[in-house]
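Data block below; observations after.
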Number of protein chains: 2
Amino acid sequence: MKTIEEFLESKNIRVTAMRLLIYKFLAEKLVAVTLSDIENAFEKADRTTLYRTIKTFEEKEIVHQIDDGTGITKYALCEKGCNCEIETDLHLHFHCNNCNETICLTEHKIPQIKVPDGFVSENVNLVVKGICDKCSGQ
Amino acid sequence: MKTIEEFLESKNIRVTAMRLLIYKFLAEKLVAVTLSDIENAFEKADRTTLYRTIKTFEEKEIVHQIDDGTGITKYALCEKGCNCEIETDLHLHFHCNNCNETICLTEHKIPQIKVPDGFVSENVNLVVKGICDKCSGQ
DNA sequence: ACAATAAATGCACTTCCATTGCATTGGTTA
DNA sequence: TAACCAATGCAATGGAAGTGCATTTATTGT
């Protein structure tokens, strides 16, 4: 078990206090978060720093971006099993219409999608919307 | 074969010059368009009018909205076979990373997606990204 | 045909998120 | 320790979505 510091360094990400905090915040969250979510969690930090930190994490492939159709970009840590750097690795995101949370269903792989002749598929974005387990249990 | 006027009236949409123009514009396009696309096509018209016209078309279910992950909402006319008013009717959208166009693949239905226990699926958004037939033929 | 009514349009404005430029701070390295 | 480069913070911009209100246009009833 590596420390977070070691992990970040192994990904060529310089370790700073802010980055550690943001990484921990993402790690605690089980759902994808927006920039504003992070902003609200760290009122002291500047929005730009958070933005650029996330972008750095994205470039270094420890975070991936999720477009769940709410119009606001969300981000989540890549987990074991998430090979989002491999374009053909496709997993599912679930957006709850009730609590508005978006969850990575890393273990749910997407079936191969057929496209018409002449089309080349490089990437697939699949978002299922509905009611999540927490909300449906109410 | 109904005229456009008759068609709009059958959907309880009042016919105006602007609406006819916008409808024809959408009908000519084989791809989904953004509000800005429409705006550029009709420089005389106000953006608000275009915006509200599209919203009206959407409400009356002759246009559907597409979220292709570019961050900009696109719209396309519903075609025969597109029953987008039925939430379980799901068809595929293809976004070309080369020409940036988004196409409705109405005839390609989405396979049933399994979600974990406790999750209720109401709606699915599936966008395949890659290279379209026109661009791949180059 | 005309007045009353309702819908459509146009203009101005606001909000929200994403993104960039630039100056400053802070950490690394020669 | 000086020089350098990356990270941070502040300010500002841009783009898209959405709203309020006044005006124009169309519809309806008398």
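Order of the sequence lines sets the chain letters (A, B, ...), proteins ahead of strands, with each chain counted from 1.
- Between B:Q65 atom CD and D:dG18 atom C1' the separation is 13 Å, expressed in whole Å.
- For the residue pair B:T102/B:H93, the side-chain donor-acceptor check at 3.5 Å is not satisfied.
- Distances shorter than 4.0 Å separate some side-chain N or O of B:T49 from OP1 or OP2 on C:dG10.
- Remark: A:E9 does not engage A:R14 in a salt bridge, criterion side-chain N to carboxylate O under 4.0 Å.
- With rounding to whole Å, B:R14 atom CZ is found 13 Å from C:dT9 atom C1'.
- For the pair B:L20 CG and D:dT25 C1', the computed distance is 15 Å after rounding to whole Å.
- For the pairing with A:H95, the side chain to side chain contact (heavy atoms under 4.5 Å, CB included) check across A:I103, A:V128, A:N100 returns one residue only, A:N100.
- Between the side chain of B:R52 and the base of D:dG18 there is no donor-acceptor pair of N/O atoms closer than 3.5 Å.
- Between the CG atom of B:L50 and the P atom of D:dA16 there is a distance of 13 Å, rounded to whole Å.
- Evaluation of the ring-ring contact (aromatic ring centres under 6.0 Å, His included) test over residues 109-132 of chain B, restricted to residues two or more places apart or in two chains, returns A:F94-B:F119.
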Can you give one letter per nucleotide of nucleotides 12-19 of chain C, going 5' to 3': B for a protein heavy atom under 4.0 Å from the base, S for sugar-phosphate only, - for none?
-> B----SSB

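- The CZ atom of A:F57 sits 14 Å away from the C1' atom of D:dT8 (whole-angstrom rounding).
- Here the side chains of A:L126 and B:N125 are not in contact, with every heavy-atom distance at 4.5 Å or above.
- Electrostatic pairing of A:R47 and A:E39 counts as a salt bridge here, judged by a charged N lying under 4.0 Å from a carboxylate O.
- Computed from coordinates, the A:E9 CD to C:dG27 P distance equals 15 Å when rounded to whole Å.
- An OP1 or OP2 oxygen of D:dA7 is reached within less than 4.0 angstrom by a side-chain nitrogen or oxygen of A:R19.
- The residue among A:A17 and B:V15 whose nearest nucleotide of DNA chain D is located toward the 5' end is A:A17.
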